[in-house]
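Quick caveat: nothing in here was measured; it's all calculated off a predicted structure. The figures here come from the full heavy-atom set of this structure, side chains too, leaving out hydrogens, waters and symmetry mates.
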Amino acid sequence: MQGRQNSQVQGIDVSHWQGSIDWNRVKSSGKQFAFIKATEGKRYRDQQFLVNVNGARMAGMLVGAYHFVNAVNVADAKLEAANFVSRLQDAGGANRFELPPVMDYESNPGNLSRSAIDAIALAFLQEVERLSGRKPIVYTGNAFAQNFSSALSSYDLWIARYSNTRVPDDAPAWKAWHFWQYTDSGQVSGISGGVDVNVYRGTLDELKARYTSTGGEQGGDNPMTTDEQKAFAALQATVKAQSDRIATLTDSRDLLKTSISGVDQRLQKMEQNHAMPIPAWASEAVQKAEAAGLIHESDGGSYDFYRLLTVLDRKGLI
């Protein structure tokens with residue numbers, strides 16, 4: 001496959017693992033597009049999806065969404081596609097996105113054959129297109145791409161290969177990529193920690209021309225209406241309130257754990273100071289005290305008690 005060029009447009013892909021993102025800073029850093037995790041499997045929905053989508057839109061970035069495939073048969077693939085498209089509807093529908101929906105298929109938990117993997121992929125892609133009205137693209141790893149047959153060659157490829165020197169390998173379905181995820185540890189302003197960084201094979205105008213010309217309401221120049229901005233502001237306030245509540249609960253939990261630990265330590269100290277067994281170093285002094293009628297063996301005693309008897313014994317007082 002082809003290499004990368006400095007003139008090609010840069011972007012990122014994120015999920016809830018990136019935490020809170022300052023999308024304006026991301027955009028100012030030169031990143032022009034973002035793929036955002038929406039769903040995984042038949043039921044999972046990324047908790048930061050809507051916040052990330054709206055934040056990226058408000059910053060003026062081109063936005064797409066992706067789904068991580070776990071299916072082990074065609075029936076499950078169709079259910080996963082339904083989960084994905086349903087979540088896209090929560091963000092305004094597939095046509096509200098500037099970039100196409102993405103099938104992220106990169107692992108084989110069911111130890112399936114290549115033909116089974118290929119069938120699952122094709123079923124998912126076709127079902128997403130049927131339900132959403134938009135043709136998806138394929139994200140996969142450099143090695144995993146070898147599992148897909150030429151039946152998928154009509155779908156644009158987003159390939160992952162982390163290298164500054166080696167280009168992605170040709171695969172049965174593709175001899176060229178449209179997007180290349182070339183690192184998973186990029187440093188981008190507005191994001192804490194490492195993040196996946198990608199490049200589109202052409203310029204920003206070429207990216208827009210390929211994917212946004214048939215999107216209806218989509219388009220980076222007017223990413224959100226006034227009502228959508230108000231709804232997003234309300235959503236941000238809700239998320240912040242929930243985050244603050246979680247932080248408060250975490251602080252309370254930590255304080256309670258510290259208090260319990262202190263009580264445990266005090267109890268242990270009290271247990272040590274009451275009715276401890278006669279230590280070997282005090283046995284002689286205890287015997288002398290018993291013989292003198294000063295104590296009874298059944299009385300027991302604390303560490304300080306046995307230490308006192310030992311001192312008295314050493315001074316010849318018992």
Side-chain angles (χ1 to χ4, degrees), residues 12-22 25 37 39-52 55 68 70 72 104 106-111 141 160 162 183-197 235-318:
I12 60 172
D13 62 276
V14 300
S15 70
H16 70 278
W17 290 112
Q18 274 66 51
S20 179
I21 297 174
D22 186 334
R25 290 175 61 192
K37 184 173 184 178
T39 49
E40 178 175 337
K42 291 181 283 188
R43 285 176 291 274
Y44 176 78
R45 297 184 168 195
D46 191 286
Q47 62 196 27
Q48 287 290 108
F49 175 63
L50 293 179
V51 171
N52 282 333
F68 189 95
N70 289 328
V72 294
D104 178 348
E106 57 183 282
S107 62
N108 184 14
N111 196 28
Y162 307 145
T183 181
D184 62 350
S185 55
Q187 299 299 309
V188 176
S189 178
I191 299 177
S192 299
V195 65
D196 298 335
V197 180
L235 179 62
Q236 282 184 312
T238 300
V239 170
K240 185 179 186 304
Q242 291 176 342
S243 298
D244 291 344
R245 182 171 179 272
I246 291 171
T248 300
L249 291 174
T250 300
D251 291 342
S252 299
R253 180 200 62 191
D254 293 342
L255 180 60
L256 180 60
K257 288 173 65 177
T258 300
S259 300
I260 291 173
S261 177
V263 171
D264 286 344
Q265 291 175 3
R266 288 194 292 272
L267 287 174
Q268 290 173 8
K269 187 174 182 180
M270 291 174 64
E271 291 173 355
Q272 291 171 356
N273 289 334
H274 291 83
M276 67 178 288
I278 300 172
W281 48 264
S283 60
E284 184 177 349
V286 170
Q287 291 173 4
K288 290 181 179 180
E290 288 177 343
L294 298 176
I295 65 169
H296 299 283
E297 183 178 0
S298 61
D299 290 344
S302 66
Y303 172 84
D304 292 336
F305 173 72
Y306 292 124
R307 184 172 179 274
L308 175 61
L309 291 181
T310 302
V311 171
L312 295 174
D313 178 38
R314 289 176 180 173
K315 291 183 177 295
L317 298 177
I318 57 175

Report task. Any chance you could measure Asp196, atom CG, to Thr183, atom OG1, to the nearest 0.5 Å? Result -> 7.5 Å

Query raised in the report: Hey, what do you get for CD1 (Ile21) to CD1 (Ile12), rounding to the nearest 0.5 Å?
Result: 5.5 Å

**Report entry** Given Tyr44, Phe49, Trp17, the one that forms side chain to side chain contact (heavy atoms under 4.5 Å, CB included) with Lys37
**Finding:** Tyr44

Requested in this report: Could you walk me through whether Tyr162 and Ser185 pass side-chain contact (heavy atoms from CB on, under 4.5 Å), step by step?
Outcome: CA-CA 9 Å; Tyr162 307 145; Ser185 55; over 6 Å; no

Query raised in the report: Which atoms form the tightest heavy-atom contact between Val72 and Gly110, and what is the distance?
Result: CG1-CA, 4.1 Å

Report summary line: Residues Gly141 and Glu106: closest non-hydrogen pair is N-CB, 4.4 Å

**Report entry** Residue pair Glu40 / Asp46, side-chain heavy-atom distance below 4.5 Å
**Finding:** no

Query raised in the report: Do other residues, nucleotides or ligands put more than 12 heavy atoms under 6.0 Å from Glu284 CD?
Result: no

Output side-chain donor-acceptor pairs under 3.5 Å for residues 307-314, partner residues at least two apart or in another chain, one line each.
from: Thr310; atom 1: OG1; to: Tyr306; atom 2: O; distance (Å): 2.9
from: Asp313; atom 1: OD1; to: Lys288; atom 2: NZ; distance (Å): 2.9

